[in-house]
Amino acid sequence: MPRPRKSPAKTEIRPVDRAFYERSPQRVARELLGKVLVRKTGRRLLTGRVVEVEAYLGEADPAAHSAAGRTERNAVLFGPPGYAYIYFIYGNHYCLNVSCEPEGHAGGVLFRALEPLSGIEEMAKARGVTIGGEKDLIKLTSGPGRLCEAFCITRARDNGRDLTSPGESLWIGDDGYEARSVVVTARIGITKAASHPLRYLLAGNRFVSGRKNILPI
DNA sequence: ATATCGATTATCT
DNA sequence: GATAATCGATATG
């Protein structure tokens, strides 16, 4: 049967299932591009499209938090796939990851930037900025610390949360968007294993974080 | 436009 | 006691 020519007013977002995350961080990272992060607070719905992520490979990756083995902080990375690992960094910011690989094997994907889709007023309020133009819109969720602030994500609130269920106040869904051209570069902000091509982004997307395009690989 | 720097604290050595 | 998967402000060309 023919699909309507115009997209419906409300786009259906289907949850991404756990099997999706039970794979290597590289594969999960690549395929997470274009998915939607959803935050449900009261009757407000905040959504943002994933436009930039990084893969962290577990105990074999010197840059990963799991490199030195399991601790209280990084336990989620060693648990089952599809759960939120949130850490606090530089005394100021939270960052969101989703656990990958089968249970017992560490690995995760860091969310580095989103393109705001809905709930922009709420995000601006959470970020403490006023939206005057395009530049202000970009400041909402362009960066791992920024997107957590916009979505009110904290370790106390969300660490260990199941990201596969729409019953949760934070989850990841698929609205049918397909990532077209993907660029892979070195990861940002790390000193160990800094040259590996493990950062994935949607080519040309305005909401990607950081300066220009750092050495595409 | 890019470069450098200070803030601020949980976590680990 | 040192470090850190960042951000925003300030300085400089």
Side-chain angles (χ1 to χ4, degrees), chain A residues 21 24-26 28-30 32-33 37 48 50-79 83-101 106-114 116 123-160 163 172 183-201 206-215 217:
Chain A
Y21 303 102
S24 72
Q26 293 100 315
V28 174
R30 166 63 182 81
L32 223 33
L33 289 174
L37 183 67
V50 179
V51 301
E52 177 188 355
V53 291
E54 282 176 358
Y56 286 87
L57 309 185
E59 296 182 87
D61 179 1
H65 288 179
S66 44
R70 181 182 185 131
T71 66
E72 190 175 339
R73 175 171 79 142
N74 65 24
V76 174
L77 291 174
F78 290 82
Y83 288 82
Y85 164 56
I86 293 151
Y87 64 90
F88 186 61
I89 191 71
Y90 293 114
N92 283 302
H93 312 286
Y94 291 99
C95 294
L96 168 70
N97 294 248
V98 58
S99 61
C100 301
E101 304 275 15
V109 172
L110 169 71
F111 288 75
R112 285 200 57 92
L114 304 174
M123 293 184 204
K125 189 175 173 186
R127 290 274 295 122
V129 301
T130 53
I131 305 295
E134 168 95 356
K135 277 201 154 183
D136 298 318
L137 205 55
I138 288 172
K139 282 195 292 188
L140 289 183
T141 53
S142 176
R146 289 170 172 174
L147 71 89
C148 281
E149 190 171 39
F151 275 62
C152 300
I153 294 167
T154 66
R155 179 166 168 94
R157 206 173 156 181
D158 299 302
N159 190 57
L163 297 176
I172 300 165
V183 174
V184 185
T185 78
R187 293 175 292 187
I188 289 183
I190 57 172
T191 54
K192 298 167 226 166
S195 66
H196 299 179
L198 294 170
R199 171 175 176 247
Y200 302 76
L201 55 98
R206 302 184 303 283
F207 297 89
V208 166
S209 77
R211 324 239 59 79
K212 300 289 184 182
N213 273 358
I214 298 178
L215 59 122
I217 296 173

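None of these values were measured; they are calculated from a predicted model. Quick note on labels: first sequence line is chain A, next is B, and so on, each numbered from 1.
A/G145 comes within 4.0 angstrom of the backbone, heavy atoms only, and of no base. Within the 4.0 angstrom heavy-atom criterion, base atoms lie near A/L110.
Atom CG of A/L57 and atom C1' of C/dA5 are 13 Å apart (whole Å). Here C/dA5 presents its P atom at 7 Å from NZ of A/K192, a figure rounded to the nearest Å. Separating the CG atom of A/N74 from the P atom of B/dC12 is a distance of 7 Å, rounded to the nearest angstrom. Per the geometry, OH belonging to A/Y94 stands 15 Å off P belonging to B/dT8, to the nearest Å. Rounded to whole angstrom, the span from the NZ atom of A/K135 across to the P atom of C/dG8 amounts to 14 Å. Distance A/R70 CZ to B/dT11 P: 15 Å, rounded to the nearest Å. Across the protein-nucleic acid pair, A/N92 atom CG and C/dG8 atom P stand 10 Å apart, rounded to whole Å. Atom-to-atom, CG of A/L77 to P of C/dA5 comes out at 13 Å; the value is rounded to the nearest Å.
The side chain of A/R146 places no N or O atom within less than 4.0 Å of a non-bridging phosphate oxygen (OP1 or OP2) of C/dA5. Listed pair A/R127 / C/dC7 fails the phosphate criterion, with no side-chain N or O lying under 4.0 Å from OP1 or OP2. The side chain of A/T71 contributes no N or O atom lying less than 4.0 Å from OP1 or OP2 of B/dT11.
In this structure, A/R73 forms no cation-pi arrangement with A/F88, as its terminal cationic atom is not both closer than 6.0 Å to the ring centre and no more than 45° off the ring axis.
Closest contact between the side chain of A/F88 and the listed nucleotides C/dA5, C/dA4, B/dT9 involves B/dT9.
Side-chain contact check for A/T185 and A/R199: at least one donor-acceptor pair (N or O, by modelled atom type) lies under 3.5 Å. Donor-acceptor pairing under 3.5 Å is recorded for the side chains of A/S209 and A/E52.
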Secondary structure of DNA chain B per the Watson-Crick/G-U criterion (both distances under 3.5 Å; [ ] crossing, | other strand, . unpaired) is |||||||.||||.
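A/Y200 has its side chain out of reach of A/V183: every pair of non-hydrogen atoms, C-beta onward, lies at least 4.5 Å apart.
A salt bridge is absent between A/D136 and A/R127; no separation between the charged side-chain nitrogens and carboxylate oxygens falls under 4.0 Å. Look at A/E59 and A/R70 and you find no salt bridge, because none of the NZ, NE, NH1 or NH2 atoms lies under 4.0 Å from a carboxylate O.
When all heavy atoms are compared, the tightest approach of A/I89 to A/C95 is CG2-SG, 4.1 Å.
Taking a centre distance below 5.5 Å and an interplanar angle below 30 degrees as the stacking criterion, A/Y90 does not stack against the six-membered base ring of B/dA7.
With hydrogens and angles ignored, a donor-acceptor pair under 3.5 angstrom links the side chain of A/Y87 to the base of C/dA5.
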